[in-house]
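Below is one structure, written out as structure tokens; comments come after it.
Each chain gets a letter, A, B and so on, in the order the sequences are listed, and its residues count up from 1.
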Amino acid sequence: MRFLVNSNHLLPERCLSGNSSRISQIPIIPQPLLNYKFPFNPKLQLLLAGKQILLDDIPFPFDEIQSHYENGYITYRKGIEYQGKLPVCVRCGNKDPQQFGSFMCARCGEQCLYCRHCIMMGRISECTPLIGWNGSEPVTEVPDKIMGWSGTLSKGQQEASDLVVEAILQNKEWLIWAVCGAGKTEVLFAGIEAALSAKKRICIATPRTDVVLELFPRLKAAFPAIDIAALYGGSEDRHVYAPLTIATTHQLLRFYHAFDAIILDEVDAFPYTVEESLQYAAIQARKPVSAMIYLTATPNQKWQRECRSGQRNFTTIPARFHRHSLPVPQFKWCGNWQKLLYKDKLPPNVIQWVKSRLDSGKQALLFFPHIPMMEKALAILRPLTPNIEAVHAEDPERKEKVQKMRSKELKLLLTTTILERGVTFPNIDVAVIGAEDIIFTESALVQIAGRAGRSKDYPDGVVTFFHYGKTEEMLKARRQILMMNREGFKVGLLDRESFKKEGRI
Amino acid sequence: MNNFQQERCLICGQFITAVVGWGWIFSMETEHVICEACEGKLERIEGETCKICGRSFEALANTFRIGEICNDCCRWEEDLQWQGLLEKNFSLFHYNDFLKEVIAKFKYRGDYILAKVFSDEIKSRLGNMEADLFIPIPLSEERLYERGFNQAEALLLEAGFAPVKMLTRVHSEKQSKKSRTERIHLPQVFQLIPAPQLQGRKVILVDDIYTTGSTLRHAAKLLKEAGAFSVNSLTIAR
């Protein structure tokens, strides 16, 4: 669409004439002052507060939107901006010239540049305004009793929980570095309660839809009287205003200066470039003065350095809630396993490892760096047991296979890195075949090792990295796990026997 | 071609690994816009097809065909009102789940650039056909504003053909929400902008999907009545 620039506001122009412009070409977009006498529509307020959405997403007549703008309640922002000559998508932060396209646009009558990166949330082009809210925020009622959860926290959890409360109330940034299986979710409850009772709007963002779906009922149970919006691709709650929101990181793109506190889960789960755009989304979604809590089991090198040198506020939960130490990976050299696979063989020590699990009846998870090799290994191992499957990201039966593993129908599950995080099988051993592959970064290996020994009934698990030459990443992963165990023991979160047994391999 | 920046697949965004060899250096090999994996998921319509609508007979039971023509086309041809209007339709690919997604992203999400995915194929198909005018199936004004562009026109433009915008469309409910009978017994949804150059010309209609053939036949009817010599059509999917 095109706008005419008036002295103090924009006027939409539907029929194309010469002196109108597209919103991206208007140097400064005038924002009319808020007219307190204007009877604004509370439904628009609920829809738009803290948002940045497209006109097509707003089920109200355009005239009503325009009059809210003219009275200062609605903001129009550019969808595409230019940094010098380079276009930037204001919604998702995309700057890669290859990720833009252009077309002869029927809405503005010109060649119109659009962002391909976030197109699944509606097309942003040079003539697309982003619509936001400039009036007051909706008032939400807070019940007297906010939290319905009455569990107890371990000592490590309690410390972290107190710090989360403080960070949220004082608008700080804080990293919670909690080992796999530490019980991260419970650590958040007190912070969420404090935020809600201070009438703050809070959001938990996580990279994966599975986690949203898993967390939603737990939060609902913990905060029974609070409206909670669960947002993911295709969810019903898309335009629900709630004091507590749980969303995939991707969904944050629809928010602008919305939250007083954001809890960002598994910051390290994606490769850096993807992470960058998600970080952009999180920064857009938080208010200029707000709290940010990062949760992860495996911060990247840069963050670890910042933690060590005191540049980043952080707290560790170095031990699992069940007070047993983390299984420490053993390194086993297995020769040129790829060459053997081409001859339809597996290294003898790998076969041995698998056989001894089958004999003792303990389930095992085997990680492979690439799908074709995993398929070969599957064919080799199948004669040993019929209860074996292989799974990868695009496997249509992925869910079913993981379910079969849970119900113990399967003895062995071969997998790529997709099962490195998020899944819990109570009593398993874990092996990585080809741990030297570049796909197995420090954080991937720590997460993989973190699959074993998660249940308090079966706190032990064997973790073996079969390799053809140790890598720096493998050593770093083991060092990180040993460091956490030492720290956990030092601060009294581990039982002595457990530390003796595992901590010093 | 940009030699410094690796090209990304238009569909999945993965880098396209060009096979660099002497042939690559010395030949003017056409630029790849999609990766091999995505190319593999597009199923070309090959082998024996219906002589009218271009549907593949391969996966079709014999009971659904009568000689060289499929049952649906027979039903159209039995009706005097529709007989012989559409000479022949050519469709490039099977409308499988993958193509469904690509077309949905192209036309509903409005990712215009995806028109390039089909450019080479359209170029070679249309190049082999005798034609005077390429006419895209139009959108109503409302729908055009909503989408920002007409997908059929985009397909022609990106393949290097000049679309002749001779038809307009009256706004109505979305085609994809109607059943076959509803579609066939529809009143004429198209209108012709008076065009003297249509007399005795060979027309090719272009659209994204052939579903029942009703859209194309309604347009063909109008064009034939206005003096077109023949009407053929090309669609991406069938």
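In the displayed structure, A:Glu400 atom CD is contacted under 6.0 Å by more than 12 heavy atoms of other residues, nucleotides or ligands. Summarising the local packing, CD1 of A:Ile438 is surrounded by 12 or fewer heavy atoms from other residues, nucleotides or ligands at distances under 6.0 Å. Within 6.0 Å of the NZ atom in A:Lys95, the count of heavy atoms belonging to other residues, nucleotides or ligands does not exceed 12. In A:Gln111, the CD atom is crowded: over 12 heavy atoms of neighbouring residues, nucleotides or ligands sit closer than 6.0 Å. Dense packing is recorded around CZ of A:Phe60, with more than 12 heavy atoms of other residues, nucleotides or ligands lying under 6.0 Å away. Enclosure of atom CD in B:Glu101 is not indicated, since only 12 or fewer non-hydrogen atoms of other residues, nucleotides or ligands lie within 6.0 angstrom. More than 12 heavy-atom neighbours from other residues, nucleotides or ligands sit within 6.0 angstrom of CD on B:Glu142.
For A:Tyr114, the part sitting under 4.5 Å from any heavy atom of chain B is the side chain, from C-beta outward, and nothing else. Using a 4.5 Å cut-off between heavy atoms, A:Ser102 touches chain B through its backbone atoms (N, CA, C, O) alone. For B:Leu157, no part lies under 4.5 angstrom from a heavy atom of chain A.
Atom CE of A:Met1 and atom OH of B:Tyr145 lie 5.0 Å apart (nearest 0.5 Å). In this structure, B:Tyr108 OH and A:Ile119 CD1 are separated by 15.0 Å, a value rounded to the nearest 0.5 Å. A distance of 5.0 Å separates CZ in A:Arg116 from CG in B:Leu114, rounded to the nearest 0.5 Å.
When all heavy atoms of A:Met120 and B:Arg109 are compared, the closest pair comes out as O-NH1, 2.7 Å. Counting all heavy atoms, side chain and backbone alike, A:Arg107 lies closest to B:Glu146 at NH2-O, 2.6 Å.
Between chain A and the residues B:Asn150, B:Asp111, B:Leu10, the largest count of heavy-atom pairs under 4.5 Å involves B:Asp111.
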